[in-house]
Engineer: 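Just dropping this structure here.
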Amino acid sequence: MLKACLNGGRGRDEHPAVPLTPVELAADAARCAAIGVVAVHVHPRDATGAESLRPDAIADALTAIRAARPGLPIGVSTGAWIEPDPGARVAAIRAWRGLPDFASVNAHEEGAEAVAAVLHERGVMVEAGLWTVDAVAAYRRWRVPVGRILVECMAEQPAVALADAARILAALPAAGGDARRAGGDDTPPVLLHAEGPATWPVLAEAVRRGLHTRIGLEDTLQLPDGEPVADNAALVSAALAAGAH
């Protein structure tokens, strides 16, 4: 599948088309879904524009997107940079009034398994974010069902990011080895992506390997040829043209 990552932690100072408000997120989500993405990943903001896990910020974004594009799966981030205290992260998720369809949890962060556990308890599919080989080891110690693995290559240099991808993918358990997390007979499906200059080479590698991937202003502000991009819809169109689906 192709997922659109609409905003991440970016602000308008980085790109004028970054969607921040619920209305803007909804409009972008609808445009990208009309082109061909099958899910969106968003970082809801509070009234100051800061990333937030507060119940009102989450609910407002979800409500707007679902009104604009009913049935489109929506995911959010639970990154520690949004709320550094693991206990506060868990408390915020327990207080959510509206629930996303899925949420990413970075396995290397303090309290990650507890965050994953409360998401699962509330019926939110967990995406395990793996940035390093060491994070794979941390993830394999979880006792929480996981619906999708995110292999996230954070190195800016394409060659380094591709090498990291190969190492992380090789460290993942073989199919069926950790079925308890997926709730089925196989390990969870894998989504492979990168950020910055490595975005497009790693997307091509995901296509080559037959893995899920994602694209959006969270990851890159450029088209494959290096030209500045107009908006999320243009990135989605370019990813589809590159073979993602």
Side-chain angles (χ1 to χ4, degrees), residues 1-6 8 32-33 35-41 73 75 77 101-108 125-140 142 145-226 229 232 234-245:
M1 74 162 188
L2 178 64
K3 180 197 296 183
C5 50
L6 300 181
C32 292
I35 297 169
V37 302
V38 298
V40 293
H41 169 80
S77 174
D101 299 282
F102 56 92
S104 59
V105 181
N106 298 318
H108 66 278
M125 189 186 85
V126 175
E127 296 181 309
L130 308 180
W131 295 18
T132 64
V133 171
D134 287 344
V136 177
Y139 152 74
R140 294 188 71 176
W142 287 8
V146 166
R148 185 157 48 237
I149 294 172
L150 308 179
V151 175
E152 307 191 79
C153 305
M154 297 305 183
E156 288 196 355
Q157 301 88 346
V160 176
L162 288 166
D164 288 345
R167 282 191 290 268
I168 296 171
L169 290 167
L172 290 174
D178 283 324
R180 55 187 163 73
R181 293 193 197 78
D185 296 330
D186 298 316
T187 52
V190 173
L191 185 152
L192 173 64
H193 80 96
E195 296 184 348
T199 298
W200 292 107
V202 172
L203 184 143
E205 179 67 5
V207 170
R208 187 185 73 80
R209 289 177 177 263
L211 301 174
H212 300 317
T213 191
R214 77 180 204 184
I215 197 66
L217 291 173
E218 175 174 353
D219 287 348
T220 184
L221 305 180
Q222 296 180 324
L223 292 167
D225 61 5
V229 71
N232 278 307
L235 287 171
V236 169
S237 295
L240 293 169
H245 58 275

Engineer: Roughly how far apart are Leu217 CG and Cys5 SG, rounded to 0.5 Å?
Structural biologist: 8.0 Å

Engineer: Looking only at heavy atoms, what is the nearest atom pair of Cys153 and Ala161, with distance?
Structural biologist: SG-O, 3.5 Å

Engineer: Could you note down all residue pairs passing salt bridge (Lys or Arg N to Asp or Glu O under 4.0 Å) where residues 129-138 supplies at least one of them, sequence neighbours left out?
Structural biologist: none

Engineer: Roughly how far, to the nearest 0.5 Å, is the CD atom of Glu218 from the CG atom of Leu6?
Structural biologist: 9.0 Å

Engineer: For Asn106 and Glu152, what are the C-alpha separation, side-chain angles and deciding distance, and is it a side-chain contact (heavy atoms from CB on, under 4.5 Å)?
Structural biologist: CA-CA 10 Å; Asn106 298 318; Glu152 307 191 79; 3.6 Å; yes

Engineer: Run Val229 and Thr220 through side-chain contact (heavy atoms from CB on, under 4.5 Å) and show every step you take.
Structural biologist: CA-CA 9 Å; Val229 71; Thr220 184; over 6 Å; no

Engineer: Under the side-chain contact (heavy atoms from CB on, under 4.5 Å) test, which residues partner Ala239, sequence neighbours left out?
Structural biologist: Leu2, Trp200, Leu203, Ile215, Ala244

Engineer: Tell me the closest heavy-atom pair linking Pro197 and Glu156, and the distance in Å.
Structural biologist: CB-O, 3.4 Å

Engineer: Taking all heavy atoms of Ala128 and all of Trp142, pick out the closest pair and write down the distance.
Structural biologist: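 For Ala128 versus Trp142, the nearest heavy atoms are CB-CZ3, 3.9 Å.
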
Engineer: Any chance you could lay out the side-chain contact (heavy atoms from CB on, under 4.5 Å) test for Trp131 and Leu150, step after step, and finish with the verdict?
Structural biologist: CA-CA 8 Å; Trp131 295 18; Leu150 308 179; over 6 Å; no

Engineer: Apply salt bridge (Lys or Arg N to Asp or Glu O under 4.0 Å) to Glu195 and list each qualifying residue two or more places apart in sequence or on a separate chain.
Structural biologist: none

Engineer: Applying the side-chain contact (heavy atoms from CB on, under 4.5 Å) criterion to Leu169, which one of Leu130, Val190, Val136, Asp164 satisfies it?
Structural biologist: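 Result: among Leu130, Val190, Val136, Asp164, Val190 is the only option passing the side-chain contact (heavy atoms from CB on, under 4.5 Å) with Leu169.
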
Engineer: Test side-chain contact (heavy atoms from CB on, under 4.5 Å) on Ile149 and Leu191; report intermediate values, then the result.
Structural biologist: CA-CA 6 Å; Ile149 294 172; Leu191 185 152; over 6 Å; no

Engineer: Excluding sequence neighbours, so at least two apart, what forms ring pair (Phe, Tyr, Trp, His ring centres under 6.0 Å) with His245?
Structural biologist: none

Engineer: Got a donor-acceptor contact below 3.5 angstrom from the Thr199 side chain to the Asp219 backbone?
Structural biologist: yes

Engineer: Any side-chain to backbone donor/acceptor pair from Thr213 onto Leu192? Under 3.5 Å, distance only.
Structural biologist: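 Side chain of Thr213 to backbone of Leu192: a pair is present.
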
Engineer: Which residues pass the side-chain contact (heavy atoms from CB on, under 4.5 Å) test with Gln157, sequence neighbours left out?
Structural biologist: Ala155, Val160

Engineer: Using the side-chain contact (heavy atoms from CB on, under 4.5 Å) criterion, which residues pair with Val38? Sequence neighbours excluded.
Structural biologist: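 Here the qualifying residues are Met1.
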
Engineer: How close do Leu223 and Leu235 get, heavy atom to heavy atom, and via which atoms?
Structural biologist: CD2-CD2, 4.5 Å

Engineer: Could you tell me which residues satisfy side-chain contact (heavy atoms from CB on, under 4.5 Å) with Ile35, sequence neighbours excluded, listed by chain and number?
Structural biologist: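 By the side-chain contact (heavy atoms from CB on, under 4.5 Å) rule, Ile35 matches Ala233, Val236, Ser237, Leu240.
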
Engineer: How close do Pro201 and Ala198 get, heavy atom to heavy atom, and via which atoms?
Structural biologist: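 Closest heavy-atom pair between Pro201 and Ala198: CD-O, 3.3 Å.
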
Engineer: What residues, two or more places apart in sequence or in another chain, satisfy salt bridge (Lys or Arg N to Asp or Glu O under 4.0 Å) together with Glu127?
Structural biologist: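 If we apply the salt bridge (Lys or Arg N to Asp or Glu O under 4.0 Å) test to Glu127, skipping adjacent residues, the hits are Lys3, Arg148.
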
Engineer: Who pairs with His41 by ring pair (Phe, Tyr, Trp, His ring centres under 6.0 Å), at least two apart in sequence or on another chain?
Structural biologist: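 His41 satisfies ring pair (Phe, Tyr, Trp, His ring centres under 6.0 Å) with His43 only.
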
Engineer: For Ile168 and Val133, which heavy atoms make the closest approach, and how far apart are they?
Structural biologist: CG1-N, 4.0 Å

